[in-house]
Each structure stands twice: as structure tokens, then as C-alpha cells.
Amino acid sequence: GVRLVGSEMCIRDRRAPALGASPAARLAASSAVLLRGGAARAAKRPATPPHMSLVARTWGGYLELLEAYPMRTKMATSAVLSAVGDVLAQTLDKSVAAFSLRRLLVLVSVNIFYFSPALHYWYNFFDVAVGKLKLRPGTWGSALAYLALDQLVNTPLTLLGFFHVFALANAASHAALGAPMPGAGVLLAGVRAKMGVEYANALLANWKVWALPQLVNFMFVPPSLRVGFANLVAIVWNAILSMIANR
């Protein structure tokens, strides 16, 4: 007979032994059902190694989340790794007298709501732009085209936005603790002054940190994992950027 359970069709053989039959009989009956209709469906599923390591299971679960919820997974990854970067920055920065949770939360917020979406859409744009150039994916020509777009277009514009978003998030965090919220004119004047001192340094530091890893990223890493790979490199970059933004 045939019965439906949820969205799965189960086939029951009238000749199958009862539940009380021997294990060997039940195994033989199950095998017969598999051969009569379930083999094709089972063949589509990748086999799961019986003794898969914890690292392999965790990585597999992460890839599934990345495919099902790409933006949320990238934002969560960015939150964790930017937090690690800021902890590292505050530990190494001799001018920091005591650990600041507010400072950490500001950088994490900027990474979640600014850097992660920006990189997600920039990388999608790179795919379209490089496709227009008729460059075959996985070649050095396409990787170099991606790198040029990333470092000469994306980076200057994204850093420009970062100084503005960081200033706003920093002011909002102080206001949440009772300080007065500065007006837009005061914020913009502070951003212009900060950028006059630090923008060129940040851009140069970015090229030193990112050029080679991004070439590897665009050459060897699948598109869906590029933001994740960039976030790993960003542990170092976030430490540098945190020190630049907070001094």
C-alpha cells in the first residue's frame, strides 16, 4: 500500500514481515523496498561519513546556513570576527587603560549593519562586472579584474562610508549612556577632520593587508564563501581599523 507522511511518500510492502520479525528479515524487506523505488531518491543524497569529525560537521552546518540564509549568516560571522578583532586591538593598544565594551559594540554594530551588507552587494556587482568582460571564472585574468575593482573602487568608497557610519554609531553609543547627541553639522565636521588625518593611512593600511589575501579569495574561493574568507582576514584588519578609528 501507499501512504503519505508530511511531504514524503512511504511505500509499504504487504509481504513485509511484522515488526516482531527477526532483524535479518526486517533488513531484507527494507532492502527490497529500497531497490523497488527508493534507490534513485537515496542516490541523490550525499553520503554522510559515519564518523565525521566535529570540525567537519560544524563546517557543513555553516555552509548549509550560508546557502539558506546568506545575509544573516554573513552578518553573524562578521559580528563574531569583528569582536575578536576589537578585543585584539584593545589588548595590543597601550593607550587603552581598561577594556571598553561600548567600543567593542560600536565596531561590531558597524560590521553587522554596514560592512557585511556592503561587501555582499559589492561582490555581487563584481560578478556582473567581470561577467561583462567575458573573463572566465577561476582564471588569473578574472581574479585580477576582481582585485582591481575591489581595491580601486570598493575600498576607497567603503572606507569613505565607514568614517561616517562609525562617527554616527560612536555618537549614538555615547548618547545612550547620557551624553548629548551632536547635531549633523558637528558630526560631519568631526568626520572631515578625522578623515583629513586618517583616511590616507587607512587606505594604505588596507592595501597592505588586503591585496594578497583578496587575490587568493577571488582566484580560489567560491563566490558564496568570499565574504566569510574576507571576515577571517578581517580579524587582523578590524584590529587595525579599530585602532585607527578610536585614536
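For this chain, numbers begin at 1 and follow the sequence in order. Computed from heavy atoms alone, side chains included, the values below leave out hydrogens, waters and symmetry copies.
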Distance col, row Leu133:CG vs Ser142:OG, nearest 0.5 angstrom, shows 10.0 Å
inquiry  = Test side chain to side chain contact (heavy atoms under 4.5 Å, CB included) on Tyr146 and Asp127; report intermediate values, then the result.
reply    = CA-CA 8 Å; Tyr146 274 113; Asp127 289 336; 2.5 Å; yes
d(Asn206 CG, Thr155 OG1) to nearest 0.5 Å is 4.0 Å
| query | Would you call Phe218 and Leu144 a side-chain contact if the rule is heavy atoms closer than 4.5 Å? | reply | no
With distance as the sole test, does Ser78 use its side chain to make a donor-acceptor pair with the main-chain N or O of Lys74 at under 3.5 Å? no
- Pair Asn238, Ser82: side-chain N/O donor-acceptor within cut-off below 3.5 Å: no
Do Val87 and Ile112 share a hydrophobic cluster, counting only Ile, Leu, Val, Met, Phe, Trp and Tyr and linking them when any side-chain heavy atoms are less than 4.5 Å apart?
yes
Closest heavy-atom pair, Tyr114 versus Leu157, reported as atoms and distance to 0.1 Å, is OH-O, 4.1 Å
* Asked: Are any of the side-chain heavy atoms of Phe115 and Leu241 separated by less than 4.5 Å?
  -> yes
Per side chain to side chain contact (heavy atoms under 4.5 Å, CB included), Leu119 is matched among Thr158, Asn154, Asn124 by Asn154
Q.
If hydrophobic clusters are built from ILVMFWY residues whose side chains come within less than 4.5 Å, do Trp237 and Val165 share one?
A. yes
Here the gap from Leu66 atom CG to Thr73 atom OG1, rounded to the nearest 0.5 Å, amounts to 5.5 Å
Compare all side-chain heavy atoms of Phe166 with those of Lys194 and state whether any distance is below 4.5 angstrom. no
Close aromatic pair by centroid cut-off 6.0 Å: Tyr123 and Phe126:
yes
| Geometric class of the Trp122/Phe125 ring pair [parallel <30°, tilted 30-60°, perpendicular >60°] | perpendicular
Item to complete: Could you check if a side-chain atom of Arg102 sits within less than 4.5 angstrom of a side-chain atom of Val106, using non-hydrogen atoms only?
Response: yes
Check whether the ring centres of Phe162 and Tyr199 lie less than 6.0 Å apart, and answer yes or no. no
Assess whether atom CZ of Phe99 is packed by more than 12 heavy atoms of other residues, nucleotides or ligands within 6.0 Å. yes
Measure the shortest side-chain to side-chain distance between His164 and Leu187 over non-hydrogen atoms and say whether it is less than 4.5 angstrom.
no
One should read off an interatomic distance between Leu203 CG and Gln151 CD, to the nearest 0.5 angstrom, of 8.5 Å
When every non-hydrogen atom of Val197 is compared with those of Asn201, the smallest separation belongs to O-ND2, 3.4 Å
Criterion side chain to side chain contact (heavy atoms under 4.5 Å, CB included) on Val130 and Leu149, from CA distance to verdict: CA-CA 9 Å; Val130 173; Leu149 287 168; 4.1 Å; yes
Hydrophobic cluster identity match, Leu104 and Leu168, side-chain contacts under 4.5 Å = no
* Verify the distance criterion only: is there a donor paired with an acceptor across the side chains of Asn170 and Arg103 at less than 3.5 Å? => no
Between the CG atom in Leu92 and the CD1 atom in Ile240, the distance rounded to the nearest 0.5 Å is 10.5 Å
On a heavy-atom basis, the closest approach of Gly138 and Met219 is O-CE, 3.0 Å
Tightest non-hydrogen contact, residues Val96 and Ala98, listed as CG1-O, 3.2 Å
Check your understanding: Going by distance alone, is a donor N or O of one side chain under 3.5 Å from an acceptor N or O of the other, for Gln90 and Asp93?
Key -> no
Quick check on the hydrophobic clustering: are Val233 and Val236 connected, directly or via other members, by side-chain heavy-atom contacts under 4.5 Å? yes
| query | In this structure, are over 12 heavy atoms from other groups packed under 6.0 Å from Arg247 atom CZ? | reply | yes
Should Leu101 and Val108 be regarded as members of a common hydrophobic cluster, given that ILVMFWY residues are connected when their side-chain heavy atoms come within less than 4.5 Å of each other, either directly or indirectly? yes
Scanning both residues in full, the closest heavy-atom pair of Leu147 with Gln214 reads CD1-CB, 3.7 Å
Between the CG atom in Leu65 and the CZ atom in Arg72, the distance rounded to the nearest 0.5 Å is 9.5 Å
Closest non-hydrogen contact found for Asn111 with Pro117 is O-CD, 4.5 Å
